[in-house]
Amino acid sequence: MDQIVTYILTFLLGVEKATAYAGLIGYTSNPNLFHKYKVVIIPSRFFDIDIYGTADSLPRFPLMEIDHVPFLYGSPREEMYDDTLVIYADFIASSYFLMTRYEEIQKRSVRDEFGRFPGKQSLPYKAGFINRPVIEEYGKLLRERLRRMNVPIPEPNPGIEKIWLTHDVDAPFFCRNLRNVLRETIKGKGFFQALKYYTGPLENDPYYTFPWMLNEDEKVRAICGERCEILFFLKAGGKSRYDKPHYKHWEKDVKQMLALMNQHHSLFGLHSSFEAGEQPSLISHEKNTLDHVWNLGSVTMNRHHFLCLREPEDFDKLMKAGIFDDFTMGYADVAGFRLGTCKPVRWINPITRQLTSLTLHPLTVMDCTLSDSKYMNLRYDEALTYSLLLIKKTREHGGEAVLLWHNTSFAFNNPCPYHRHLYTLLLKELTI
């Protein structure tokens, strides 16, 4: 646990030489050790062997607050013990709970129709702070208390540290084969229009919005430079009905799509299939397909299809497959800070309580989360206001913005008409 406590403290402080500053903070209830530190956090019973992993380890409502910042364990009490400030709010356990998705291993029966833990059932949502990176707020409280003890720790620089413009390629084309023509004909959409899409240039296909997307993304990169990455997640397997449509690397249209992405120096990641979400052992095979069959080199980034990385310990299969960075960590049904943070964080396995080498990149906002009637079902003005709030919070705490918009959301036949305009405005906001 010492390694985890040190990591969390360093993460919370979030400044240059954070490890040295973290050494001034103790996590102990032993008064004989208090003199070694400027600040001491009294551990709650969360990590006790008879509490951890039981129902008694879950936070209780109403949550307590310090300076309007909710925390999950301990109490708001603070006192001086000789020359040491002792605080009873257990920021370590509170951060651990959020970073590890600990709640989800305690509530395995709480899942939606796709096997995902619903965001609207989560503690951050129910407690009203899903739209706040409270872990960064814990860090601010700790820095303030260190300065109170005459430790000259600075505040992190505000601003967006990194911009990830990510796109899941679920359905790259609308009507580019005879099966699609038949589908549209049966639906009564019009045989001749479908045939026109099939026989015409790829650029006329409603779902082939990649040229427009990449043009918009390039505007951000032109201003932000290396701080901005364009990242496409590609499917490479899956037999579930939710994994359709399938597309192959050797298809003419796919080759044209990949050439365009490469022309814009895009990055590629694995879009692990819905089936792989149910059977994580399939992840390695799908990654190998991208690496060797698609000839993309060594793919090291992942996002699960439907955000269906169901159980926290399934991350272990990603690491064994050679994945170093995961971008799945957002709730499908509500946008916000699923891990309690707006910064990339190393995964702590809540089963083994070990710090791993896998980096989790919190998903800031996804297109369909905002507009889908099953999810937030927001009007344009509501979606814009909410998205701008998330970006504002990310900028305030020096985090990274991870946007997910699908190519299909920009199609003229998308039932939600506002995504092109919304995406353009959000990109402009990121460049400020």
Side-chain angles (χ1 to χ4, degrees), residues 5 7-16 18 21-22 24-25 27 39-44 46 59-78 85 87-103 119 122-149 151 153-161 329-331 334-346 348 360-365 386 388-402:
V5 170
Y7 175 75
I8 292 176
L9 279 173
T10 302
F11 187 88
L12 289 175
L13 295 177
V15 295
E16 188 177 354
Y21 288 118
L24 302 176
I25 302 175
Y27 189 55
V39 173
V40 163
I41 298 173
I42 300 295
S44 61
F46 174 77
R60 290 172 173 78
F61 288 97
L63 299 180
M64 288 168 286
E65 296 184 354
I66 294 179
D67 297 342
H68 305 293
V69 179
F71 60 95
L72 313 187
Y73 300 100
S75 77
R77 176 183 167 196
E78 298 183 10
L85 175 62
I87 60 180
Y88 290 79
D90 191 346
F91 296 130
I92 302 298
S94 298
S95 300
Y96 178 99
F97 178 95
L98 296 167
M99 286 178 173
T100 63
R101 298 160 63 204
Y102 178 86
E103 177 178 30
S122 70
L123 181 141
Y125 181 83
K126 290 182 176 180
F129 62 82
I130 188 66
N131 58 359
R132 294 167 58 183
V134 294
I135 289 178
E136 275 68 62
E137 296 182 30
Y138 298 159
K140 183 177 179 64
L141 291 175
L142 276 180
R143 293 188 297 271
E144 289 173 351
R145 277 141 186 81
L146 280 173
R147 285 194 290 271
R148 191 186 302 173
M149 301 308 295
V151 176
I153 184 171
E155 284 295 296
N157 293 325
I160 297 178
E161 183 72 18
M329 286 297 98
Y331 293 119
V334 59
F337 301 100
R338 180 175 184 174
L339 301 176
T341 178
C342 60
K343 297 181 179 180
V345 59
R346 286 171 63 187
I348 301 169
L360 310 181
H361 298 263
L363 175 59
T364 310
V365 62
Y386 190 80
L388 290 177
L389 172 64
L390 298 180
I391 292 174
K392 176 184 176 182
K393 292 293 184 181
T394 300
R395 177 178 284 115
E396 178 182 334
H397 294 286
E400 64 175 30
V402 181

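- No donor-acceptor distance shorter than 3.5 angstrom exists from the side chain of S44 to the backbone of G74, with no hydrogens or angles considered.
- Taking each heavy atom of I66 and A89 in turn, the nearest pair found is CD1-CB, 3.6 Å.
- Counting only heavy atoms from C-beta outward, the side chains of Y331 and L363 never approach each other to under 4.5 Å.
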* To do: Applying side-chain contact (heavy atoms from CB on, under 4.5 Å), run through M99 and R346 and close with a yes or a no.
  => CA-CA 9 Å; M99 286 178 173; R346 286 171 63 187; over 6 Å; no
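- Every residue meeting the salt bridge (charged side-chain N to carboxylate O under 4.0 Å, His left out) condition with R148, not counting sequence neighbours, appears here in chain and number order: E78.
- Contact annotation: the side chain of E136 never approaches that of F337 to less than 4.5 Å [non-hydrogen atoms, C-beta and beyond].
- A tilted orientation is assigned to the rings of F97 and Y102, their planes being inclined by 30° to 60°.
- The pair R143-E155 meets the salt-bridge criterion, with a side-chain N (NZ, NE, NH1 or NH2) lying under 4.0 Å from an Asp/Glu carboxylate O.
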* What do the steps show when you test K343 against I135 for side-chain contact (heavy atoms from CB on, under 4.5 Å), and what is the final call? -> CA-CA 10 Å; K343 297 181 179 180; I135 289 178; over 6 Å; no
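- No side-chain heavy atom of F91 sits less than 4.5 Å from a side-chain heavy atom of I8.
- Within 6.0 Å of atom CD in E396, more than 12 heavy atoms from other residues, nucleotides or ligands are found, so the atom counts as buried in its surroundings.
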* To do: Begin from the C-alpha positions of V134 and F71 and carry the test side-chain contact (heavy atoms from CB on, under 4.5 Å) through to its verdict.
  => CA-CA 8 Å; V134 294; F71 60 95; over 6 Å; no
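- Looking at heavy atoms from C-beta onward, I41 lies in side-chain contact with L9 at the 4.5 angstrom threshold.
- Taken from CG in D90 to CE in M64, the straight-line distance is 10.5 Å, to the nearest 0.5 Å.
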* Is there a ring pair (Phe, Tyr, Trp, His ring centres under 6.0 Å) between Y73 and Y96 once you walk through the steps? -> CA-CA 11 Å; Y73 300 100; Y96 178 99; 9.6 Å; no
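- P70 has its side chain within reach of R132: a pair of non-hydrogen atoms, C-beta onward, lies under 4.5 Å apart.
- Using modelled atom types and a 3.5 Å distance limit, the side chains of E400 and T394 yield no donor-acceptor pair.
- At least one side-chain heavy atom of R395 sits under 4.5 Å from a side-chain heavy atom of I160.
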* To do: May I have the step-by-step check of side-chain contact (heavy atoms from CB on, under 4.5 Å) for V151 and V39, ending in yes or no?
  => CA-CA 10 Å; V151 176; V39 173; over 6 Å; no
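- For L13 against A18, the heavy-atom pair with the smallest separation is CD1-O, 3.8 Å.
- Around the CD atom of E144, the shell of radius 6.0 Å holds more than 12 heavy atoms that belong to other residues, nucleotides or ligands.
- Under the 4.5 Å side-chain criterion, counting only non-hydrogen atoms from C-beta, E137 is not in contact with D67.
- Between L63 and F61 there is a side-chain heavy-atom pair separated by less than 4.5 Å.
- Across Y138 and S95, no two heavy atoms sit closer than the pair CD1-OG, 3.4 Å.
- The backbone N or O of L146 sits nowhere less than 3.5 Å from a side-chain atom of Y21 that would complete a donor-acceptor pair.
- Nearest approach of A93 to Y27, heavy atoms of both residues: N-OH, 4.1 Å.
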